[in-house]
Amino acid sequence: MVMKTGAAHGPRASVPGGWRARMRDVIAGISLASMNIPQVLGYTRIAAMPAVTGLYTVLLPLVAFACFGASRHLVVAADSATAAIFSSALGRMAPPGSPHYMALVSMVALLSAGFLLVARLFRLGFLADFLSRTVLVGFMAGVGIQVALAMVRDMLGIVTTAHNPLLQLVQTLAHLPHASGPTMVLSACVVGLIMVGDRLAPRAPLALVTVVGSIIASMAFDLSRHGIETLGPIESGLPRLHFPDVSWNDMLALLPVATSCVFVIIAQSAATSRAFALRFHDPVDDNADILGLCAANAVAGLSGTFTVNGSPTQTAMAARTGARTQLAQLTFAAVTAVVLVFLTGPLRYLPRCVLASIVFTVAVGMIDLRAIRAIRRESPGECGLALVTAAAVVGIGVEQGIFLAIALSLFRHVRHSYEPHTMILCHDPHSGLLEPRGVAGGVRTSPGLVVYRFCADLFYANSARFVADVRVMAEGASAPLSCLVVDASAITDIDFSAASDLRDLFTALRARGVTVIFGRVSPYLRADMDRHRITPVVEPANIHAQLHTAVAAAEAIIRQEK
């Protein structure tokens with residue numbers, strides 16, 4: 001029923017557990033719609049688009065991603081990050097809300113789809129491999145804080161204009177004296193009901209009950225007259241498919257905007273998809289997800305709405321309601337179609353603070369303190385990376401936070417490679433086995449012999465460490481060094497700069513009568529040694545595939561010298 005392009009994502013595998021699992025996903029989809037339909041209507045305020053276009057983002061785009069994407073959990077819909085990107089740029093090209101503005105917005109979605117198709121053809125899903133679990137935990141926590149801060153204003157009945165979460169908080173605090181008392185009371189009741197209900201009845205559709213109940217109460221008691229703001233009138237009817245009428249010059253001007261959106265779409269969707277795949281132990285196919293995002297944005301542009309993205313908060317809502325496959329998202333789309341045709345009238349009475357309170361509880365749940373404590377306990381350095389990621393997402397934005405986290409992760413990895421573990425293998429007097437010891441001038445594996453292990457690939461940044469260690473071992477001892485055996489089990493690659501340093505080092509050692517022998521040389525390393533002309537310096541006979549043969553050859557040379 002749900003088509004997937006990734007491995008192990010066939011129609012039967014996509015809805016495991018039979019009809020009970022299907023019913024669970026259908027119910028979850030209905031509950032998801034009750035929470036997310038009002039939320040996407042709120043995103044239209046950021047996008048400066050008519051409210052009904054928010055509903056369009058959770059109609060055809062949801063179906064398109066379910067058909068072409070691989071993630072079981074990712075909810076693709078309107079998103080505040082991409083909405084803020086294009087609205088700020090397009091507001092200078094056309095009056096917000098005008099027909100020309102709406103055409104430009106739809107064209108951005110189509111151009112984003114085109115760029116995503118190129119990304120899929122070049123298989124750029126590998127970029128998601130740089131998102132570690134630590135980064136994902138920090139990313140989700142940052143998004144949770146960001147969304148929670150954004151919801152506080154509606155929970156208090158306060159109007160703010162800033163997009164940055166920290167500036168929103170400052171404006172909210174400044175406007176606290178103007179907060180609406182009835183709105184605050186209703187928000188507190190909704191938050192308390194959901195949080196207590198999650199503990200007592202975690203599988204109950206509390207959000208659905210809250211939304212329906214608040215609409216009925218709003219209609220019965222006319223809550224808007226008591227200072228509680230509601231969504232207001234919403235157009236009805238299904239979208240009409242058409243190609244946006246945009247000139248060639250406008251299209252060229254939109255390319256940078258679409259490019260920015262695509263970076264956010266790939267980074268945020270990959271981070272969200274991987275975070276929930278790890279939580280539920282599901283396989284990941286990032287390239288198939290990119291194709292699904294391409295299809296979703298293509299139908300978004302053709303149906304007159306704006307760019308869609310993998311939403312962390314809406315995906316968290318789906319998981320919270322019990323959704324385990326894209327069947328829940330298809331149900332969500334079906335409910336949206338019913339609402340567009342029949343139920344836009346009652347929806348106008350939904351209080352904004354109720355919606356904000358529901359989203360607030362979901363956002364708080366995205367901050368996984370247990371995972372952060374576990375990371376801190378096992379790796380304080382990685383915990384710092386998670387906290388920096390969270391702070392960057394809150395302070396400077398989702399896309400900047402993700403890319404900063406990736407850069408810091410790569411820097412941390414390079415730092416480990418730059419300062420690798422190095423050791424001398426010495427015979428243990430009890431077992432007779434080779435055991436590691438620290439590198440020092442007086443340390444020998446046996447008289448005249450040092451077995452040296454360098455635990456990283458050799459490249460321009462760490463070759464000086466290799467050279468310095470060897471010089472310490474060769475010059476810092478009273479006993480002369482006759483043979484140096486390099487345990488190359490951890491070395492699979494040598495770059496040009498490192499090869500040049502090694503050739504100079506080995507030539508100098510040979511001039512001093514020190515024989516260099518390599519052990520545990522893989523075919524990949526041997527190819528690099530041949531290509532970089534290290535083999536002639538060391539001599540082919542001194543390159544061994546096993547360590548014990550290299551040590552035996554060194555011991556034979558030492559015996560001959562005696």
Side-chain angles (χ1 to χ4, degrees), residues 417 420-427 432-562:
S417 299
H421 296 295
T422 62
M423 59 200 72
I424 297 176
L425 301 181
C426 300
H427 291 286
L433 301 175
L434 292 175
E435 300 292 343
R437 289 183 59 182
V439 174
V443 179
R444 292 287 184 265
T445 303
S446 60
L449 172 64
V450 166
V451 179
Y452 173 63
R453 177 180 292 168
F454 189 84
C455 300
D457 288 335
L458 278 158
F459 66 109
Y460 63 91
N462 66 11
S463 59
R465 171 72 178 276
F466 185 99
V467 172
D469 279 357
V470 171
R471 285 177 175 167
V472 166
M473 293 182 291
E475 300 173 359
S478 56
L481 179 65
S482 297
C483 286
L484 171 68
V485 175
V486 179
D487 177 359
S489 55
I491 305 174
T492 60
D493 181 77
I494 302 177
D495 75 356
F496 178 85
S497 299
S500 179
D501 291 341
L502 263 59
R503 284 196 307 269
D504 293 342
L505 173 66
F506 296 156
T507 300
L509 289 175
R510 187 169 63 180
R512 296 179 53 180
V514 178
T515 302
V516 177
I517 301 175
F518 273 75
R520 290 179 176 164
V521 176
S522 68
Y524 310 105
L525 177 59
R526 179 58 189 268
D528 278 356
M529 294 176 73
D530 293 343
R531 182 173 63 256
H532 291 302
R533 296 176 286 111
I534 297 175
T535 301
V537 177
V538 176
E539 296 183 2
N542 291 333
I543 300 175
H544 299 262
Q546 294 85 30
L547 181 62
H548 69 273
T549 59
V551 173
E555 291 173 340
I557 292 173
I558 293 173
R559 285 195 300 269
Q560 289 177 0
E561 291 179 351
K562 291 181 179 179

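Put simply, the side chain of Thr445 gets close to the backbone of Val451: a donor and an acceptor are under 3.5 Å apart. Side chain of Arg503 to backbone of His532: a donor-acceptor contact under 3.5 angstrom is found. Side chain of Asn462 to main chain of Phe459: a donor-acceptor pair is present (N/O by atom type, distance under 3.5 Å, no hydrogens or angles). Judged by distance alone, with hydrogens and angles left aside, the side-chain atoms of Ser446 form no donor-acceptor pair with the main-chain N or O of Leu449 at under 3.5 Å.
Looking at Leu458 and Phe466, their side chains come closer than 4.5 Å, going by heavy atoms from C-beta outward. For the pair Met473/Val439, a side-chain contact is recorded, criterion being any heavy-atom separation below 4.5 Å from C-beta on. For the pair Ile491 and Phe454, the minimum side-chain heavy-atom distance is below 4.5 Å. A 4.5 Å side-chain heavy-atom check between His427 and Leu434 finds at least one atom pair inside the cut-off. Inter-residue side-chain proximity for Arg526 and Pro540 is flagged as met; some heavy-atom pair is nearer than 4.5 Å. Residues Arg531 and Ile494 have side chains not in contact (no heavy-atom distance under 4.5 Å, counting atoms from C-beta outward). Using a 4.5 Å heavy-atom threshold, the side chains of Asp528 and Asp493 count as touching.
Of the inter-residue distances, the one linking Thr422 atom OG1 with Arg453 atom CZ reads 11.5 Å to the nearest 0.5 angstrom. Annotation: the span from Arg512 atom CZ to Leu481 atom CG amounts to 8.0 Å, rounded to 0.5 Å. Note that CG of Leu525 and CD1 of Ile534 are 8.0 Å apart. Values are rounded to the nearest 0.5 Å. Here the OH atom belonging to Tyr452 is positioned 10.5 Å from the CZ atom belonging to Phe518, to the nearest 0.5 angstrom.
In the displayed structure, His421 atom NE2 is contacted under 6.0 Å by at most 12 heavy atoms of other residues, nucleotides or ligands.
Minimum heavy-atom separation, Gly441 to Arg444: O-NH1, 3.4 Å. Residues Glu561 and Gly513 approach most closely at OE2-O, 4.4 Å, considering heavy atoms. Closest heavy-atom contact between Ala488 and Val521: CB-CG2, 4.4 Å. Considering every non-hydrogen atom in both Ser463 and Asp501, the closest pair reads OG-OD2, 2.7 Å. Pairing each heavy atom of Val538 with each of Phe506, the nearest pair is CG2-CD1, 3.7 Å. Closest non-hydrogen pair, Val486 versus Val516, comes out as CG2-CG1, 4.4 Å.
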What side-chain donor-acceptor pairs closer than 3.5 Å can you find for residues 546-557, not counting sequence neighbours?
from   : atom 1 : to     : atom 2 : distance (Å)
Thr549 : OG1    : His544 : ND1    : 3.4
Thr549 : OG1    : Gln546 : O      : 3.0

Query raised in the report: Can you list the steps and then say if Ser489 with Asp487 is a side-chain hydrogen bond (donor to acceptor under 3.5 Å, both in side chains)?
Result: CA-CA 6 Å; Ser489 55; Asp487 177 359; 3.1 Å; yes

